[in-house]
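Working notes for the structure below.
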Number of protein chains: 2
Amino acid sequence: MKFNTPTSTALYAIEETIKAYRRLSQQNISAVVPKITVDQALILIIIDREDKTQSEIADLIFKDYASMTRIIKLMIEKKYLTKMIDEADRRKTKLKITTNGKSIIEQLKPVIQKNRAVALNNVSDEELEQMYKTLNKITQNCQIARK
Amino acid sequence: MKFNTPTSTALYAIEETIKAYRRLSQQNISAVVPKITVDQALILIIIDREDKTQSEIADLIFKDYASMTRIIKLMIEKKYLTKMIDEADRRKTKLKITTNGKSIIEQLKPVIQKNRAVALNNVSDEELEQMYKTLNKITQNCQIARK
DNA sequence: AACTTTTATTTGATATATCAAATAATTACA
DNA sequence: TGTAATTATTTGATATATCAAATAAAAGTT
(Lines give C-alpha, C1' and ligand atoms only; values in the text may rest on other atoms or scores of the structure.)
Protein backbone atom coordinates (compact mmCIF):
# COMPACT_ATOMS: atom_id res chain seq x y z
CA MET A 1 0.00 0.00 0.00
CA LYS A 2 1.68 3.15 -1.20
CA PHE A 3 1.00 6.55 0.24
CA ASN A 4 2.35 9.73 -1.23
CA THR A 5 1.19 8.69 -4.64
CA PRO A 6 -0.56 11.33 -6.73
CA THR A 7 -3.70 9.27 -6.35
CA SER A 8 -3.76 9.15 -2.61
CA THR A 9 -2.44 12.64 -1.95
CA ALA A 10 -5.03 14.20 -4.21
CA LEU A 11 -7.80 12.42 -2.36
CA TYR A 12 -6.34 13.39 1.00
CA ALA A 13 -6.08 16.96 -0.14
CA ILE A 14 -9.82 17.10 -0.64
CA GLU A 15 -10.35 16.10 2.95
CA GLU A 16 -7.68 18.47 4.19
CA THR A 17 -9.10 21.41 2.30
CA ILE A 18 -12.65 20.97 3.43
CA LYS A 19 -11.51 20.70 7.03
CA ALA A 20 -9.37 23.79 6.80
CA TYR A 21 -12.24 25.69 5.27
CA ARG A 22 -14.68 24.51 7.91
CA ARG A 23 -12.34 25.56 10.69
CA LEU A 24 -11.86 28.99 9.24
CA SER A 25 -15.58 29.37 8.74
CA GLN A 26 -16.44 28.22 12.22
CA GLN A 27 -13.90 30.53 13.76
CA ASN A 28 -15.18 33.59 11.96
CA ILE A 29 -18.82 32.71 12.45
CA SER A 30 -18.28 32.14 16.17
CA ALA A 31 -16.70 35.56 16.48
CA VAL A 32 -19.96 37.13 15.33
CA VAL A 33 -22.61 34.68 16.50
CA PRO A 34 -21.42 32.47 19.33
CA LYS A 35 -22.88 28.98 19.58
CA ILE A 36 -24.07 28.62 16.02
CA THR A 37 -22.41 25.99 13.87
CA VAL A 38 -21.37 26.31 10.25
CA ASP A 39 -24.05 23.89 9.20
CA GLN A 40 -26.74 25.66 11.17
CA ALA A 41 -25.71 28.99 9.68
CA LEU A 42 -25.92 27.60 6.18
CA ILE A 43 -29.28 25.98 6.79
CA LEU A 44 -30.66 29.19 8.19
CA ILE A 45 -29.64 31.06 5.08
CA ILE A 46 -31.07 28.42 2.79
CA ILE A 47 -34.44 28.49 4.50
CA ASP A 48 -34.41 32.25 4.34
CA ARG A 49 -33.92 32.22 0.60
CA GLU A 50 -36.68 29.78 -0.21
CA ASP A 51 -39.18 27.53 1.49
CA LYS A 52 -37.87 24.02 1.50
CA THR A 53 -38.65 20.80 3.29
CA GLN A 54 -36.05 19.23 5.51
CA SER A 55 -35.27 16.58 2.95
CA GLU A 56 -34.78 19.14 0.24
CA ILE A 57 -32.36 21.05 2.39
CA ALA A 58 -30.60 17.84 3.27
CA ASP A 59 -30.15 16.98 -0.38
CA LEU A 60 -28.86 20.45 -1.10
CA ILE A 61 -26.09 20.35 1.47
CA PHE A 62 -25.37 16.62 1.31
CA LYS A 63 -26.73 15.75 4.71
CA ASP A 64 -28.39 12.58 5.84
CA TYR A 65 -32.08 12.98 6.69
CA ALA A 66 -31.47 11.72 10.20
CA SER A 67 -28.79 14.34 10.72
CA MET A 68 -31.11 16.98 9.38
CA THR A 69 -33.82 16.05 11.86
CA ARG A 70 -31.39 16.56 14.71
CA ILE A 71 -29.88 19.76 13.41
CA ILE A 72 -33.34 21.26 12.93
CA LYS A 73 -34.28 20.12 16.41
CA LEU A 74 -31.34 21.98 17.90
CA MET A 75 -32.05 25.04 15.82
CA ILE A 76 -35.59 25.12 17.17
CA GLU A 77 -34.34 24.75 20.72
CA LYS A 78 -32.02 27.67 20.06
CA LYS A 79 -34.97 29.71 18.80
CA TYR A 80 -33.67 30.24 15.29
CA LEU A 81 -36.63 28.41 13.78
CA THR A 82 -40.14 27.25 14.37
CA LYS A 83 -41.70 24.20 12.86
CA MET A 84 -45.23 23.36 11.79
CA ILE A 85 -46.92 20.52 10.02
CA ASP A 86 -47.61 21.27 6.37
CA GLU A 87 -51.39 20.89 6.19
CA ALA A 88 -51.23 20.24 2.47
CA ASP A 89 -49.16 17.15 3.13
CA ARG A 90 -49.07 16.21 6.74
CA ARG A 91 -45.86 14.19 6.38
CA LYS A 92 -44.00 17.35 5.61
CA THR A 93 -42.77 20.09 7.82
CA LYS A 94 -42.82 23.84 7.41
CA LEU A 95 -39.88 25.72 8.78
CA LYS A 96 -40.08 29.36 9.65
CA ILE A 97 -37.30 31.64 10.72
CA THR A 98 -37.88 33.57 13.93
CA THR A 99 -37.21 37.28 14.25
CA ASN A 100 -34.14 36.35 16.19
CA GLY A 101 -33.10 34.03 13.38
CA LYS A 102 -33.57 36.81 10.84
CA SER A 103 -31.27 39.13 12.68
CA ILE A 104 -28.67 36.41 12.99
CA ILE A 105 -28.80 35.89 9.25
CA GLU A 106 -28.00 39.53 8.68
CA GLN A 107 -24.99 39.23 10.93
CA LEU A 108 -23.84 36.08 9.20
CA LYS A 109 -24.09 37.10 5.57
CA PRO A 110 -20.97 39.27 5.42
CA VAL A 111 -18.99 36.72 7.38
CA ILE A 112 -19.86 33.94 4.99
CA GLN A 113 -19.00 36.10 2.03
CA LYS A 114 -15.71 36.98 3.58
CA ASN A 115 -14.90 33.36 4.38
CA ARG A 116 -15.36 32.44 0.77
CA ALA A 117 -13.31 35.34 -0.44
CA VAL A 118 -10.47 34.53 1.94
CA ALA A 119 -10.48 30.85 1.05
CA LEU A 120 -10.37 31.60 -2.65
CA ASN A 121 -7.83 34.38 -2.51
CA ASN A 122 -5.52 34.21 -5.51
CA VAL A 123 -7.45 31.37 -7.06
CA SER A 124 -8.37 32.30 -10.57
CA ASP A 125 -11.75 31.59 -12.13
CA GLU A 126 -10.11 29.14 -14.51
CA GLU A 127 -8.50 27.25 -11.69
CA LEU A 128 -11.76 27.18 -9.82
CA GLU A 129 -13.67 26.02 -12.84
CA GLN A 130 -11.13 23.32 -13.53
CA MET A 131 -11.16 22.11 -9.95
CA TYR A 132 -14.92 22.06 -10.01
CA LYS A 133 -14.97 19.88 -13.11
CA THR A 134 -12.50 17.43 -11.69
CA LEU A 135 -14.33 17.21 -8.40
CA ASN A 136 -17.56 16.54 -10.23
CA LYS A 137 -15.95 13.84 -12.26
CA ILE A 138 -14.79 12.13 -9.08
CA THR A 139 -18.21 12.54 -7.49
CA GLN A 140 -19.83 10.97 -10.53
CA ASN A 141 -17.38 8.09 -10.46
CA CYS A 142 -18.19 7.40 -6.83
CA GLN A 143 -21.93 7.65 -7.25
CA ILE A 144 -22.09 5.48 -10.33
CA ALA A 145 -20.00 2.82 -8.64
CA ARG A 146 -22.48 2.61 -5.79
CA LYS A 147 -25.51 1.78 -7.88
CA MET B 1 -26.37 36.05 -0.27
CA LYS B 2 -25.99 34.42 -3.63
CA PHE B 3 -25.77 30.71 -4.12
CA ASN B 4 -24.93 29.07 -7.39
CA THR B 5 -22.03 31.40 -7.83
CA PRO B 6 -18.76 29.82 -9.02
CA THR B 7 -17.36 30.63 -5.62
CA SER B 8 -19.95 28.83 -3.58
CA THR B 9 -20.51 25.91 -5.92
CA ALA B 10 -16.82 25.11 -6.05
CA LEU B 11 -16.62 25.04 -2.28
CA TYR B 12 -19.74 22.90 -2.05
CA ALA B 13 -18.29 20.55 -4.61
CA ILE B 14 -15.38 19.82 -2.32
CA GLU B 15 -17.76 18.75 0.39
CA GLU B 16 -19.89 16.76 -2.01
CA THR B 17 -16.94 14.92 -3.46
CA ILE B 18 -15.42 13.89 -0.18
CA LYS B 19 -18.76 12.60 1.02
CA ALA B 20 -19.35 10.63 -2.15
CA TYR B 21 -15.89 9.13 -1.89
CA ARG B 22 -16.35 8.25 1.75
CA ARG B 23 -19.63 6.51 1.03
CA LEU B 24 -18.15 4.49 -1.77
CA SER B 25 -15.17 3.55 0.39
CA GLN B 26 -17.29 2.58 3.35
CA GLN B 27 -19.55 0.45 1.23
CA ASN B 28 -16.73 -1.49 -0.35
CA ILE B 29 -14.81 -1.85 2.88
CA SER B 30 -17.89 -3.10 4.71
CA ALA B 31 -18.40 -5.74 2.05
CA VAL B 32 -15.02 -7.24 2.96
CA VAL B 33 -14.59 -6.39 6.64
CA PRO B 34 -17.90 -5.70 8.35
CA LYS B 35 -17.88 -3.25 11.24
CA ILE B 36 -14.68 -1.43 10.43
CA THR B 37 -14.92 2.24 9.47
CA VAL B 38 -13.01 4.02 6.72
CA ASP B 39 -11.02 5.95 9.29
CA GLN B 40 -10.16 2.87 11.28
CA ALA B 41 -9.05 1.08 8.13
CA LEU B 42 -6.79 3.95 7.18
CA ILE B 43 -5.30 4.22 10.65
CA LEU B 44 -4.60 0.51 10.73
CA ILE B 45 -2.69 0.74 7.49
CA ILE B 46 -0.73 3.76 8.63
CA ILE B 47 0.38 2.07 11.82
CA ASP B 48 1.34 -0.99 9.84
CA ARG B 49 3.61 1.04 7.59
CA GLU B 50 5.49 2.85 10.30
CA ASP B 51 5.49 3.34 14.06
CA LYS B 52 3.77 6.56 14.90
CA THR B 53 2.30 8.18 17.97
CA GLN B 54 -1.39 8.96 18.07
CA SER B 55 -0.75 12.64 17.54
CA GLU B 56 1.40 11.97 14.52
CA ILE B 57 -1.30 9.83 12.99
CA ALA B 58 -3.86 12.48 13.82
CA ASP B 59 -1.82 15.13 12.04
CA LEU B 60 -1.38 12.88 9.06
CA ILE B 61 -5.06 12.31 8.49
CA PHE B 62 -6.32 15.66 9.77
CA LYS B 63 -7.97 14.38 12.91
CA ASP B 64 -8.36 16.09 16.22
CA TYR B 65 -6.36 14.48 19.02
CA ALA B 66 -9.51 13.93 21.02
CA SER B 67 -11.08 12.08 18.12
CA MET B 68 -7.96 10.03 17.74
CA THR B 69 -8.08 8.94 21.37
CA ARG B 70 -11.60 7.65 20.88
CA ILE B 71 -10.96 5.96 17.58
CA ILE B 72 -7.94 4.15 18.99
CA LYS B 73 -9.97 3.14 22.01
CA LEU B 74 -12.58 1.52 19.80
CA MET B 75 -9.93 -0.16 17.70
CA ILE B 76 -8.46 -1.70 20.81
CA GLU B 77 -11.87 -2.89 21.94
CA LYS B 78 -12.31 -4.46 18.54
CA LYS B 79 -8.94 -6.22 18.92
CA TYR B 80 -7.27 -4.61 15.95
CA LEU B 81 -4.62 -2.99 18.14
CA THR B 82 -2.92 -3.14 21.49
CA LYS B 83 -1.49 -0.18 23.32
CA MET B 84 1.46 0.29 25.65
CA ILE B 85 3.17 3.16 27.33
CA ASP B 86 6.34 4.25 25.56
CA GLU B 87 8.96 3.83 28.27
CA ALA B 88 11.27 6.31 26.57
CA ASP B 89 8.66 9.02 27.03
CA ARG B 90 5.87 7.97 29.29
CA ARG B 91 3.47 10.53 27.90
CA LYS B 92 3.48 8.70 24.61
CA THR B 93 1.77 5.56 23.53
CA LYS B 94 2.96 2.64 21.47
CA LEU B 95 0.44 1.03 19.20
CA LYS B 96 0.82 -2.49 17.96
CA ILE B 97 -1.29 -4.31 15.43
CA THR B 98 -2.68 -7.66 16.52
CA THR B 99 -2.51 -10.77 14.38
CA ASN B 100 -6.15 -10.26 13.69
CA GLY B 101 -5.43 -6.67 12.68
CA LYS B 102 -2.71 -7.83 10.31
CA SER B 103 -5.03 -10.18 8.50
CA ILE B 104 -7.63 -7.46 8.19
CA ILE B 105 -5.05 -5.19 6.62
CA GLU B 106 -4.37 -7.76 3.94
CA GLN B 107 -8.04 -7.94 3.16
CA LEU B 108 -8.35 -4.18 3.03
CA LYS B 109 -5.41 -3.28 0.82
CA PRO B 110 -6.93 -4.31 -2.50
CA VAL B 111 -10.24 -2.69 -1.59
CA ILE B 112 -8.62 0.63 -0.84
CA GLN B 113 -6.64 0.51 -4.03
CA LYS B 114 -9.77 -0.26 -5.97
CA ASN B 115 -11.69 2.57 -4.33
CA ARG B 116 -9.07 5.05 -5.40
CA ALA B 117 -8.97 3.69 -8.89
CA VAL B 118 -12.73 3.83 -9.24
CA ALA B 119 -12.94 7.35 -7.85
CA LEU B 120 -10.28 8.60 -10.21
CA ASN B 121 -11.46 6.78 -13.29
CA ASN B 122 -10.97 8.95 -16.36
CA VAL B 123 -9.24 11.65 -14.38
CA SER B 124 -5.93 12.41 -16.02
CA ASP B 125 -2.73 13.01 -14.10
CA GLU B 126 -2.74 16.62 -15.24
CA GLU B 127 -6.24 17.17 -13.97
CA LEU B 128 -5.34 15.54 -10.70
CA GLU B 129 -2.21 17.58 -10.35
CA GLN B 130 -4.06 20.77 -11.13
CA MET B 131 -6.83 19.98 -8.64
CA TYR B 132 -4.25 19.18 -6.03
CA LYS B 133 -2.55 22.53 -6.51
CA THR B 134 -5.78 24.44 -6.28
CA LEU B 135 -6.89 22.56 -3.20
CA ASN B 136 -3.57 23.29 -1.55
CA LYS B 137 -3.87 26.93 -2.37
CA ILE B 138 -7.27 27.03 -0.69
CA THR B 139 -5.97 25.12 2.30
CA GLN B 140 -3.11 27.56 2.67
CA ASN B 141 -5.47 30.50 2.43
CA CYS B 142 -7.63 29.08 5.19
CA GLN B 143 -4.73 28.22 7.46
CA ILE B 144 -2.98 31.52 7.10
CA ALA B 145 -6.20 33.38 7.83
CA ARG B 146 -6.54 31.55 11.11
CA LYS B 147 -3.23 32.59 12.56
C1' DA C 1 -62.94 0.77 0.26
C1' DA C 2 -59.10 -2.28 1.69
C1' DC C 3 -54.36 -3.23 0.78
C1' DT C 4 -49.75 -2.23 -0.81
C1' DT C 5 -46.20 0.83 -1.85
C1' DT C 6 -43.99 5.06 -1.50
C1' DT C 7 -42.58 9.24 0.80
C1' DA C 8 -41.16 12.40 4.79
C1' DT C 9 -39.58 12.32 9.02
C1' DT C 10 -38.06 10.32 13.36
C1' DT C 11 -35.60 7.31 16.66
C1' DG C 12 -31.94 4.22 18.34
C1' DA C 13 -27.34 2.85 18.32
C1' DT C 14 -22.76 3.78 17.39
C1' DA C 15 -18.83 6.59 15.41
C1' DT C 16 -16.57 10.84 14.72
C1' DA C 17 -15.73 16.27 15.29
C1' DT C 18 -14.62 20.01 18.18
C1' DC C 19 -13.62 22.91 21.98
C1' DA C 20 -12.25 23.48 26.63
C1' DA C 21 -10.37 21.75 30.57
C1' DA C 22 -7.85 18.14 33.05
C1' DT C 23 -3.83 14.80 33.69
C1' DA C 24 0.55 13.40 33.63
C1' DA C 25 5.09 13.38 32.08
C1' DT C 26 9.02 16.06 30.15
C1' DT C 27 11.80 20.01 29.30
C1' DA C 28 13.48 24.67 30.11
C1' DC C 29 15.47 27.72 33.08
C1' DA C 30 15.99 30.98 36.98
C1' DT D 1 17.00 21.90 42.25
C1' DG D 2 12.58 23.59 42.18
C1' DT D 3 9.20 25.71 39.43
C1' DA D 4 7.16 27.21 35.20
C1' DA D 5 6.25 26.08 30.52
C1' DT D 6 5.50 22.62 27.15
C1' DT D 7 3.93 18.24 25.25
C1' DA D 8 0.98 13.89 24.71
C1' DT D 9 -3.04 12.17 25.81
C1' DT D 10 -7.59 11.99 27.96
C1' DT D 11 -12.25 13.41 29.45
C1' DG D 12 -16.63 15.99 29.30
C1' DA D 13 -20.04 18.21 26.76
C1' DT D 14 -22.26 18.94 22.63
C1' DA D 15 -22.89 18.50 17.47
C1' DT D 16 -22.95 15.82 13.41
C1' DA D 17 -22.69 11.20 10.42
C1' DT D 18 -24.59 6.87 9.23
C1' DC D 19 -27.28 2.81 9.04
C1' DA D 20 -31.33 0.34 10.18
C1' DA D 21 -35.77 0.26 11.73
C1' DA D 22 -40.03 2.61 13.07
C1' DT D 23 -43.95 6.03 12.28
C1' DA D 24 -47.22 8.27 9.92
C1' DA D 25 -49.31 10.14 6.04
C1' DA D 26 -50.15 10.02 1.00
C1' DA D 27 -50.59 7.78 -3.37
C1' DG D 28 -51.34 3.85 -6.23
C1' DT D 29 -53.71 -0.54 -7.15
C1' DT D 30 -57.14 -4.01 -7.41
Side-chain angles (χ1 to χ4, degrees), chain A residues 15-16 18-27 29-31 34-44 51-78 80-81 83-95 146, chain B residues 15-16 18-31 34-44 51-59 61-78 80-81 83-95 146:
Chain A
E15 184 113 28
E16 184 177 22
I18 200 62
K19 289 201 175 174
Y21 179 57
R22 282 190 152 262
R23 276 176 199 157
L24 172 70
S25 299
Q26 185 64 67
Q27 175 172 295
I29 285 175
S30 295
K35 310 250 173 202
I36 197 168
T37 69
V38 175
D39 291 320
Q40 290 174 6
L42 182 59
I43 290 168
L44 206 51
D51 271 7
K52 287 198 180 301
T53 65
Q54 285 184 206
S55 317
E56 284 168 341
I57 299 169
D59 290 338
L60 206 57
I61 59 174
F62 323 115
K63 298 276 176 198
D64 191 270
Y65 300 148
S67 296
M68 189 56 51
T69 294
R70 281 148 186 152
I71 296 173
I72 294 293
K73 189 161 174 288
L74 287 173
M75 292 179 75
I76 291 168
E77 284 169 14
K78 289 182 180 170
Y80 303 147
L81 294 178
K83 182 173 174 174
M84 291 165 298
I85 290 173
D86 181 343
E87 289 301 334
D89 180 343
R90 299 178 47 81
R91 290 168 304 184
K92 293 183 184 170
T93 265
K94 287 207 171 196
L95 299 169
R146 270 170 47 83
Chain B
E15 183 112 32
E16 183 178 22
I18 200 64
K19 289 201 175 174
Y21 179 58
R22 283 191 152 262
R23 275 177 198 155
L24 171 70
S25 299
Q26 185 64 67
Q27 175 171 297
N28 291 337
I29 285 176
S30 295
K35 310 252 176 201
I36 198 169
T37 69
V38 175
D39 291 319
Q40 290 174 6
L42 182 58
I43 290 168
L44 205 50
D51 270 6
K52 287 196 180 306
T53 66
Q54 284 184 206
S55 318
E56 285 168 342
I57 299 169
D59 290 339
I61 59 174
F62 323 115
K63 299 276 175 197
D64 191 271
Y65 299 149
S67 296
M68 189 57 50
T69 295
R70 281 148 185 152
I71 296 172
I72 295 294
K73 189 162 176 286
L74 287 173
M75 291 179 75
I76 291 168
E77 284 170 13
K78 288 183 181 172
Y80 302 148
L81 294 178
K83 182 173 173 172
M84 290 164 300
I85 290 172
D86 181 343
E87 289 302 335
D89 181 343
R90 297 178 50 79
R91 289 170 302 185
K92 294 182 185 172
T93 264
K94 288 208 171 196
L95 299 169
R146 269 170 48 84

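Bear in mind that the values here come from a model prediction, so they are computed numbers and not experimental data. Scope of the values below: all heavy atoms of this structure, side chains included, with no hydrogens, waters or symmetry mates. Order of the sequence lines sets the chain letters (A, B, ...), proteins ahead of strands, with each chain counted from 1.
In this structure, B:Ile43 places its CD1 atom 13 Å from C1' of C:dA17, rounding to the nearest Å. A:Gln54 has its CD atom 9 Å from the C1' atom of C:dT10, to the nearest Å. Remark: C1' of D:dA27 and CZ of A:Arg90 are 16 Å apart, rounded to the nearest angstrom. Whole-Å rounding puts the A:Arg23 CZ to C:dT18 C1' distance at 9 Å. Atom CE of B:Met68 is separated from atom P of D:dT9 by 10 Å (rounded to the nearest Å). A straight line from CG of A:Asp64 to P of C:dG12 spans 16 Å, rounded to a whole angstrom. Rounded to a whole Å, the OH atom of B:Tyr65 is 9 Å from the P atom of D:dT9.
B:Lys73 comes within 4.0 angstrom of no nucleic acid atom, judged by non-hydrogen atoms across all strands. Using a 4.0 Å heavy-atom distance criterion, A:Lys83 is classed as a sugar-phosphate-only contact. Backbone-only contact: A:Thr37 has heavy atoms under 4.0 Å from sugar-phosphate atoms and none from a base. Here A:Gln40 lies in heavy-atom contact (under 4.0 Å) with sugar-phosphate atoms only.
Enclosure of atom NZ in B:Lys19 by more than 12 non-hydrogen atoms of other residues, nucleotides or ligands within 6.0 angstrom is indicated.
Proximity of A:Lys78 to the phosphate of D:dA15: a side-chain N or O atom is located under 4.0 Å from OP1 or OP2.
Of the two residues contacting DNA chain C, namely A:Ser67 and A:Arg22, the nearest-nucleotide position lying further toward the 5' end is that of A:Ser67. Along DNA chain D, the nucleotide closest to A:Leu74 and the one closest to A:Ala88 are compared, and the more 5′ of them pairs with A:Leu74.
Side-chain atoms of B:Arg91 and base atoms of D:dT7 include a donor and an acceptor less than 3.5 Å apart. For a distance-only test at 3.5 Å, the side chain of B:Arg70 qualifies as a donor-acceptor partner of the base of C:dT18.
Of the candidates D:dA17, C:dT26, D:dT10, C:dT26 carries the atom nearest the B:Asp89 side chain, counting heavy atoms from C-beta on. For A:Ile71, whose side chain is taken as the heavy atoms from C-beta onward, the closest listed nucleotide among C:dA8, D:dA17, D:dT18 is D:dA17. For A:Thr69, counting side-chain heavy atoms from C-beta on, the closest listed nucleotide (D:dT16, C:dT9, D:dA20) is C:dT9.
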